[in-house]
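Structure first, commentary second.
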Protein chains: 2
Amino acid sequence: MSKSVTLKEVAAKAGVSYQTVSKVVNNKASVSPETEKRIWGVIAELNYTPNYNGRSLRRQRSNTIGYTWEPSPADQANPILDAFLQSMFRAAEEEGYYLLCFPFHADDVRMLKVYHQLYNTGRVDGFILSRLNYGEASVPFLLENKIPFVAFGRLEDQDQSFPYIDVDGGQGVAQAMDHLVSLGHRSIAALAWPEDSRVGNNRLEGYFRGLAKAGLMSDPNLIVRGEGTSAVGFEATTYLLGLPADIRPTAIVCMNDMMAIGAMQAVRTAGLQPGRDIGVTGFDDTPTARYLTPPLTSISQPIPAIGENLMRRFIEYLETGSYPEPRCELVAPNLEIRESTAGYVPAKGRS
Amino acid sequence: MSKSVTLKEVAAKAGVSYQTVSKVVNNKASVSPETEKRIWGVIAELNYTPNYNGRSLRRQRSNTIGYTWEPSPADQANPILDAFLQSMFRAAEEEGYYLLCFPFHADDVRMLKVYHQLYNTGRVDGFILSRLNYGEASVPFLLENKIPFVAFGRLEDQDQSFPYIDVDGGQGVAQAMDHLVSLGHRSIAALAWPEDSRVGNNRLEGYFRGLAKAGLMSDPNLIVRGEGTSAVGFEATTYLLGLPADIRPTAIVCMNDMMAIGAMQAVRTAGLQPGRDIGVTGFDDTPTARYLTPPLTSISQPIPAIGENLMRRFIEYLETGSYPEPRCELVAPNLEIRESTAGYVPAKGRS
DNA sequence: TCTCTCTAAGCGAACGTTCGCCTTAAGCAT
DNA sequence: ATGCTTAAGGCGAACGTTCGCTTAGAGAGA
């Protein structure tokens with residue numbers, strides 16, 4: 001921190017009391033135009049910037065929002081981190097807010113302690129949560145302690161107990177299903193996440209919706225669950241390709257891009273060509289998706305818009321005390337069609 | 001911000017003056033063991049946490065470090081962001097510091113204004129910079145205004161005017177070269193970045209070192225420059241593969257993974273197999289590198305160690321006023337050998 | 001002329017700390 | 001007894017703001 005210019009110095013130079021300078025800085029009227037102009041002049045001349053700690057102490061708000069997230073394992077990238085962070089602090093800056101990043105702890109007790117600490121020490125005015133999952137400890141904790149927060153993601157479909165913006169993952173997968181069906185696929189498998197993943201279940205739901213819409217039966221053999229890694233994608237796909245010809249899928253819908261990468265590798269390993277022989281779709285539209293061989297059809301989320309919106313609405317809540325409607329919002333993802341689902345020719349006799 | 005417990009409340013309950021409580025909290029001795037124990041008891045009971053704004057105001061330091069970075073274009077991921085951020089704020093937390101993230105502005109004037117503002121308002125005690133490039137405006141600005149900072153990256157090879165940790169990219173590429181030479185490659189091309197990129201030039205230098213060490217001549221035809229995108233990698237490689245047989249390269253060293261992805265695609269498009277026919281190496285060891293077809297040999301940087309170190313040393317500087325030796329550090333990256341450089345069989349008659 | 005209203009600006013206090021100095025009492029050697 | 005040292009803790013002030021109340025003076029209306 002620097003020894004910087006204070007209100008008093010500005011006041012002395014402008015020949016007014018320092019409180020008057022404060023009024024000018026905060027646009028609190030009742031200052032004559034000439035005085036105001038003179039004060040602004042001195043402010044510019046001395047390059048005065050209001051001290052944020054003094055201000056926060058007095059105002060009892062820090063204009064800072066806290067955010068943490070679970071680190072990705074070394075072999076996996078967080079596909080949305082950069083865009084999400086950028087969109088948030090860009091929106092925040094415009095309102096005079098900043099983003100404080102702090103460590104994630106897998107241990108709930110420790111994590112809650114950190115939330116509590118950051119809020120009670122006055123470092124942050126509230127939090128932005130992301131990647132909520134069933135039984136998320138932070139949500140009830142924050143609600144109970146009246147610590148303001150908004151979330152990117154939700155817990156239960158009908159829950160409105162806190163403001164959030166979430167992506168309708170099911171809708172995205174349903175788009176992928178429609179696309180595959182329109183290409184002629186009739187036997188479509190799903191690589192899903194473990195059942196305890198809220199996001200995974202939300203996405204998978206679109207698979208069922210897609211089947212239903214096309215009038216296809218769902219076959220338990222065609223749904224394989226596992227962690228969202230390419231290793232799981234590889235194994236699951238190897239299994240699927242080994243199924244008897246009458247139920248063997250011609251397309252595989254994956255709940256994220258990593259699984260899709262593994263799936264495409266397995267397809268190739270089996271001597272088939274992804275896209276032409278077996279359609280594969282991912283989810284997340286990871287930047288590398290378009291550079292895979294073949295480029296991967298995937299589902300992209302409007303991350304920058306979500307981050308910006310979330311931040312703006314949260315700040316409005318912090319300043320006015322009421323969260324703008326709609327409190328909870330579901331946004332549609334977008335299907336990016338690439339070659340991993342192109343060129344499929346239905347085998348005759350099928351369908 | 002919350003209405004939380006203050007020193008005075010603790011003091012009242014413990015029957016001492018609030019200044020004494022402050023002493024206990026800050027371990028400033030001259031308090032009897034019994035009193036101290038009693039005070040700690042009350043602190044625990046009331047769940048007291050010292051107000052950070054009051055403390056910062058008085059101490060004239062915010063225990064907050066600022067960081068910003070250039071956002072990645074939508075079709076490219078920042079391969080190190082997550083790990084770098086996590087390592088930094090994890091180290092920071094242990095020392096009672098936090099990381100403030102703020103927007104990057106391409107416009108120098110605006111960017112410098114933000115640095116100035118954040119520092120002069122007392123929001124941050126200093127900055128961490130990354131991805132320095134020639135003519136970086138921030139460095140002279142911060143030096144001149146005596147605003148503390150450290151950098152991940154350097155400007156000139158001999159410059160010691162500010163503390164930094166940098167990766168010796170040249171050393172990494174040299175490792176790749178050694179590896180390729182040991183496999184029998186004698187004609188090796190380089191996909192380099194534009195000449196105005198400091199990081200790019202640093203990496204490319206390892207290419208020349210590698211050639212020299214193997215006693216190979218450098219051929220200007222085999223060095224192609226362009227932005228570090230897969231499109232450039234594709235085009236450059238297509239050009240290289242079209243060269244006359246006597247100078248056509250058998251291996252391509254790329255200055256980042258994106259170029260390598262494009263290169264491998266071009267190799268395949270030419271009817272050749274990356275790894276077997278043409279060796280390809282990348283740089284960054286992007287998480288997806290190992291999931292490409294074939295898995296990409298790449299150079300990984302010890303990002304978590306760098307982030308942690310940088311933060312710890314910076315905080316030590318902020319607290320003691322002197323930066324620990326060595327002020328400037330160069331760390332070695334690590335070559336991750338995968339199939340994109342495996343299985344090469346030198347054509348007879350060559351070499 | 002008197003009062004009433006309104007505007008411009010001043011003033012004291014408070015936000016929650018930490019810092020440095022002061023006071024008190026006890027301990028101890030002379 | 002006296003004086004010196006030390007430990008334990010109190011006290012006033014300050015960090016830089018903002019808030020709300022007060023005041024001086026100008027102008028208007030009766």
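No experiment lies behind these values; they were computed from the predicted model shown. Naming: A, B, ... by sequence-line order, numbering from 1 per chain.
Dashed line: the shortest gap from a side-chain N or O of B:Arg55 to OP1 or OP2 of C:dG16 is not under 4.0 Å. Within the 4.0 Å cut-off from OP1 or OP2 of D:dG9, at least one side-chain nitrogen or oxygen of B:Ser32 is found. At least one side-chain nitrogen or oxygen of A:Gln60 sits closer than 4.0 Å to the OP1 or OP2 atom of C:dG16. Checking the phosphate oxygens (OP1, OP2) of C:dG10, a side-chain nitrogen or oxygen of A:Thr20 falls inside 4.0 Å. For D:dG12, the OP1/OP2 oxygens have no side-chain nitrogen or oxygen of B:Tyr18 closer than 4.0 Å. Put simply, A:Tyr52 has no side-chain N or O that comes within less than 4.0 Å of OP1 or OP2 on D:dC15. In this structure, A:Asn26 reaches the D:dT18 phosphate: one of its side-chain N or O atoms is under 4.0 Å from OP1 or OP2. Applying the 4.0 Å criterion to OP1 and OP2 of C:dA9, one finds that A:Thr35 has a side-chain N or O inside that range.
The distance from atom CG of A:Asn63 to atom P of D:dT17 is 15 Å, rounded to the nearest whole Å. Whole-Å rounding puts the B:Leu7 CG to D:dC11 P distance at 15 Å. Between A:Arg61 atom CZ and C:dG16 atom C1' there is a gap of 18 Å when expressed in whole angstrom units. A straight line from CZ of B:Arg123 to P of D:dT17 spans 14 Å, rounded to a whole angstrom. Remark: P of D:dG16 and CG of B:Asn120 are 12 Å apart, rounded to the nearest angstrom. Atom CD of A:Glu34 and atom P of C:dA8 are 9 Å apart (whole Å). For the pair A:Leu57 CG and C:dT18 P, the computed distance is 12 Å after rounding to whole Å. With rounding to whole Å, A:Lys37 atom NZ is found 20 Å from C:dA9 atom C1'.
Projected onto DNA chain D by closest heavy-atom contact, A:Lys23 and A:Lys8 fall at different nucleotides, the more 5' of which corresponds to A:Lys8. Mapping B:Thr49 and A:Glu36 onto DNA chain C by nearest heavy atom places A:Glu36 closer to the 5' end of the strand.
Checking D:dC11, D:dG16, C:dT17 against every side-chain atom of B:Thr6, the shortest atom distance belongs to C:dT17. Comparing C:dT18, D:dG9, D:dA8 by their nearest atom to the side chain of B:Ser22 picks out C:dT18.
The base of D:dG9 lies outside donor-acceptor range of the side chain of B:Gln19, with no N or O pair under 3.5 Å. On a pure distance criterion of 3.5 Å, a polar donor-acceptor pair joins the side chain of A:Arg58 and the base of D:dT18. With hydrogens and angles ignored, no donor-acceptor pair under 3.5 angstrom links the side chain of A:Lys28 to the base of D:dG20.
A:Arg131 CZ: 12 or fewer foreign heavy atoms inside a 6.0 Å radius.
Listed for the B:Asn145 side chain is no donor-acceptor partner under 3.5 Å among the backbone atoms of B:Ile147. Judged purely by atom type and a 3.5 angstrom limit, B:Ser62 uses its side chain to pair as donor or acceptor with the backbone of B:Arg123.
By the 30° and 60° cut-offs, the orientation of the rings of A:Phe127 relative to A:Tyr115 is perpendicular.
A:Tyr97 and A:Arg61 share a donor-acceptor pair across their side chains, judged by distance under 3.5 Å alone.
Ion pairing between B:Arg90 and B:Glu308 fails under the 4.0 Å rule for side-chain N and carboxylate O.
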